[in-house]
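To start, the structure under review is shown below, and the notes come after it.
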Amino acid sequence: MLNRANNGNLQDDPHISVQRSAASIDPVQVFMRWKWLILLGVLLGVGAGYMYWVKLPKEYTALAVVQVTSPYSSDSIPLERIEAVNLKSRADEAIVIRSSRVLTMAVEKGNFSRFPELSGLTNQQIVYWLQDKSRLTIEPASKDVTTTIIRINFTCGNPSLATDAIRYIVEGYNEFLGTEYENVGAEIVQTVGKARQEIDDKYAELARKYQAFREDSNLMWVGEEGRDPFAENLDKAVKEMGTLELQSKKLLGTISSAEEALKAGRAPEGIILMLQSEAGITLESEKQAQGNLLAAEGRADTLRETKLIPLQIKEQQLREAGYGENHPAILGVRQEIKLYEVLISRASEAERAKKQEVADELAENEQKIFTPAQRVQMMINGLKERVSTLQVQYQELEKFRLANEAQSKQLQTSVTQNRLFQDQIESTKTLLQGITNSLDRLTLVKETGDTGKRTMKELDLVEAYQSGPFIERFLGLGGAAGGGAFAILGFLLSLADRRFRNADEIVAELQCPIWGQVPMMDFQDPKYKNALNQKMDKALMSHHYPKSSIAEAFRGVRTSLFFGNRTGELKTIQVTSSSPGDGKSTLAANIAISISQSGKRVLLVDCDFRRPRVAKIFAINGMPGLSDVVNGDAELMDVIQASPVPGLSLLPSGTKVPNPAELLVSEAYANALAVLREKFDYVIVDTPPILAVSDATTIAARVDGVICAVRLRSNDRYLSIRSIRAMRAVNANILGVVLIGVSGSNAYGYGYGYGYGYGYGYGGYRYAGNYGGYYDVDDEGANRSEMKTKRLPTQ
């Protein structure tokens with residue numbers, strides 16, 4: 001038997017989804033299917049929109065465009081309080097125009113009670129009516145916040161009332177500007193003058209406080225600049241300490257180089273030359289070398305002349321400038337004087353000690369002659385003395401730096417406060433100058449007669465025009481709403497529909513290839529009135545009308561079968577369906593005819609023992625038949641009948657039996673199928689529907705392949721899935737499905753073989769007739785079917 005591997009893993013999966021998701025529905029298909037429903041929704045929506053529009057009153061809008069200007073610009077007065085008095089935003093203007101005061105002026109000017117809408121109302125009630133935001137709208141003419149142009153709109157159902165309302169509102173606003181702002185100019189001048197006096201007083205107070213600060217501060221004043229003398233001393237000390245440290249390191253490097261050269265045993269003469277070059281020491285004779293040891297003799301005089309005396313002169317100048325004994329400037333100079341007095345004293349002591357030492361050495365070594373090595377050592381000793389002197393000076397400067405740093409920190413608060421005073425005085429002076437200039441300009445404007453009144457210029461006044469409601473808008477919105485609602489309804493109906501609508505859904509849900517698509521049959525068509533054999537059923541299109549499109553569709557199923565049977569193992573083919581009325585008997589008969597027309601020996605076997613159809617379709621005697629052979633009452637080859645179709649033989653179901661299920665599982669039935677398989681090229685087995693009884697699944701286990709008929713619009717999705725699941729449960733080799741009753745909108749192309757399908761889609765073919773319940777009670781006590789289905793032309 002044919003290997004059933006082509007079922008893949010699908011036969012092992014008992015869980016096949018029967019639910020339709022929203023993602024599986026194509027919106028285009030939904031639209032095409034429910035287009036008339038959607039069109040109905042559009043028409044109903046348009047009608048509803050029209051009925052609503054008819055009931056709405058007409059609206060008329062009058063428009064005024066005005067410009068409000070001020071004699072003062074926003075940059076003429078540099079104070080926020082003055083800008084708040086003088087300049088208003090356009091949002092403020094809208095509030096003013098809508099105010100009760102302005103609208104009261106408008107009502108007093110216009111006789112609004114003459115209009116029927118306002119007759120009998122008091123002036124205050126008319127004001128409230130005008131204030132309604134749905135009628136009166138005020139907005140800037142542009143999004144620019146500096147714009148001075150305002151649009152005023154008034155909308156109501158009376159065009160004359162709208163025109164009068166907008167006209168008198170503009171006049172009332174103009175009158176309001178004239179009365180409200182008569183004295184604005186004088187108020188602004190008074191306000192600016194008051195502000196100037198306040199700033200002037202503030203400036204005087206700042207000047208007084210600054211003067212007191214200067215008197216109490218310990219800063220050294222150079223004009224308006226307050227200096228910190230301790231910070232200046234600190235800078236000088238740091239620079240001097242850097243110079244001393246650099247000299248000390250340089251001498252220490254020279255000493256280290258000379259000592260390393262001596263240890264290395266280098267020639268003393270070369271070391272002397274190096275010392276002469278780097279340290280500036282010359283030793284032309286012993287006395288000259290000894291004299292160079294006293295090179296520091298003049299350092300005390302140098303410090304006295306270059307440092308001490310200038311500081312003493314500076315101290316005298318500060319005293320003459322009026323600085324007190326405890327002023328930081330005097331104290332700073334004194335600290336410097338004390339520092340250099342200490343340095344001079346120590347330098348003098350060092351000079352005296354060195355003179356005595358040299359004198360003693362000269363006296364002792366007057367006649368002694370020094371070797372080059374001794375001369376080098378004398379030069380190194382002299383450099384070390386110089387380093388010692390520099391280190392002493394560095395230590396004294398460090399003490400001086402720390403003392404000035406501590407005192408300078410105490411004066412930093414005064415320096416910062418002085419800077420703040422100067423900034424405040426400068427900004428106050430600038431503001432005072434600006435206000436003074438503005439006050440001069442305002443005074444000039446007042447003297448010329450301009451009181452500062454803001455003015456309104458009417459730029460445009462549009463008579464009332466119809467502003468709604470527009471029928472196009474309501475018809476469009478109604479049609480869109482109705483169409484959208486009915487489109488959603490169609491989508492929900494498609495989502496809830498459990499029927500197959502096209503081949504793609506069948507492939508996705510059943511996981512089976514499409515082997516063909518048979519169009520709907522309409523035997524009212526005149527071209528189907530002349531059948532070849534009037535006794536045979538007209539549904540045998542492959543025989544009666546072999547050139548018709550329907551016969552071509554059945555030949556497409558035959559081609560798919562031949563394509564799938566290239567190995568020649570498919571010989572016994574079962575044709576069944578999910579439920580009665582799907583057209584499986586018609587499909588089996590036409591497939592058998594199509595195969596026989598190709599020159600093959602074909603046998604059509606009716607295995608539906610409960611409700612046989614083959615004998616009726618071909619108008620032959622149904623007894624004896626297969627049941628008689630299985631029961632042993634007849635020979636197999638004796639009950640096979642020839643048909644009017646060349647090459648096609650028929651095996652009717654035979655005598656009805658009370659136990660058809662037992663016959664199908666018997667060994668005799670299996671043997672009969674085996675014999676028929678050897679005698680014929682193809683054996684087409686017509687069986688009961690899968691879900692009606694268990695006969696179809698029993699037979700499926702004994703045949704080479706199964707073809708399922710699916711009526712596209714009548715078959716229930718859930719029933720089809722149950723059928724495929726039942727077949728796979730018995731390891732049936734499901735070759736494919738054939739769609740019955742395909743209309744032109746559901747057909748799609750044709751192709752050969754597994755998964756491609758073959759067939760043409762033609763609409764308009766219907767087969768009229770009655771089709772009752774699948775099983776009726778028979779005389780022999782056959783089982784009664786509990787399944788009731790729609791009546792269709794053939795099973």
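Using modelled atom types, one side-chain atom of Asn590 and one backbone atom of Ala539 make a donor-acceptor pair closer than 3.5 Å. Without hydrogens or angle criteria, Asp704 side chain to Thr572 main chain gives a donor-acceptor distance under 3.5 Å. Distance alone, capped at 3.5 Å, is enough to place a donor-acceptor pair between the Ser643 side chain and the Leu648 backbone. Checked by atom type and distance alone, the side chain of Lys584 never pairs as donor or acceptor with a backbone atom of Asp686 at under 3.5 Å. With hydrogens and angles disregarded, no donor-acceptor distance shorter than 3.5 Å links the side chain of Trp53 to the backbone of Leu475. Under a 3.5 Å cut-off, the side chain of Thr586 and the backbone N or O of Gly583 do not form any donor-acceptor pair. Side-chain N or O atoms of Gln597 include one that pairs as donor or acceptor with a backbone N or O of Ser542 at under 3.5 Å. Not one N or O on the side chain of Asn565 forms a donor-acceptor pair closer than 3.5 Å with the backbone of Leu561. Side chain of Arg728 to main chain of Ile734: no donor-acceptor pair is present (N/O by atom type, distance under 3.5 Å, no hydrogens or angles). With Gln641 contributing its side chain and Asn621 its backbone, the two residues share a donor-acceptor pair below 3.5 Å.
Distance CG/Leu663 to OH/Tyr669: 10.0 Å, rounded to 0.5 Å. To the nearest 0.5 Å, atoms CZ (Arg555) and OG (Ser549) are separated by 10.0 Å. Rounding to the nearest 0.5 Å gives a distance of 11.5 Å between NZ of Lys571 and NZ of Lys679. Summarising the geometry, atom CD1 belonging to Ile724 is positioned 4.0 Å from atom SG belonging to Cys708; distances are rounded to the nearest 0.5 Å. For the atom pair CD1 (Ile684) and CG (Leu587), the distance works out to 9.0 Å, reported to the nearest 0.5 Å. Here OG1 of Thr576 is found 8.0 Å from CD1 of Ile699. Values are rounded to the nearest 0.5 Å.
Ion pairing between Lys616 and Asp537 fails under the 4.0 Å rule for side-chain N and carboxylate O.
In this structure the side chain of Leu603 reaches within 4.5 angstrom of the side chain of Ser649, judged on heavy atoms. Side-chain contact between Phe31 and Ile38 is present, with heavy atoms from C-beta onward closer than 4.5 Å.
When all heavy atoms are compared, the tightest approach of Lys656 to Phe609 is CG-O, 4.0 Å. Minimum interatomic distance between Val614 and Leu650 (heavy atoms only, all atoms of both residues): CG1-CD2, 4.3 Å. Shortest non-hydrogen contact noted between Leu540 and Phe618 is CD1-CE2, 3.8 Å.
Partners of Ser467 by side-chain hydrogen bond (donor to acceptor under 3.5 Å, both in side chains), not counting sequence neighbours, listed by chain and number: Thr61.
The environment of Tyr50 atom OH is sparse: at most 12 non-hydrogen atoms of other residues, nucleotides or ligands sit within 6.0 angstrom. Shown here is Arg473, whose CZ atom has no more than 12 heavy atoms of other residues, nucleotides or ligands within 6.0 Å.
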**Asked** Given the rule in the side-chain contact (heavy atoms from CB on, under 4.5 Å) test, do Leu489 and Trp34 qualify, once you have shown the distances and angles that lead to the verdict?
**Response** CA-CA 9 Å; Leu489 177 60; Trp34 301 105; over 6 Å; no
For a quick test of your reading: what N or O donor-acceptor pairs under 3.5 Å do the side chains of residues 622-636 make, sequence neighbours left out?
| unit_1 | atom_1 | unit_2 | atom_2 | d |
| --- | --- | --- | --- | --- |
| Ser627 | OG | Ser653 | O | 3.1 |
| Ser627 | OG | Thr655 | N | 3.0 |
| Ser627 | OG | Thr655 | O | 2.6 |
| Asp628 | OD1 | Thr655 | OG1 | 3.0 |
| Asp628 | OD2 | Gly625 | N | 2.8 |
| Asp628 | OD2 | Thr655 | N | 3.3 |
| Asp628 | OD2 | Thr655 | OG1 | 3.4 |
| Asn631 | ND2 | Ser627 | O | 3.2 |

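Judged by distance alone, the side chains of Thr155 and Glu59 never bring a donor and an acceptor atom under 3.5 Å apart.
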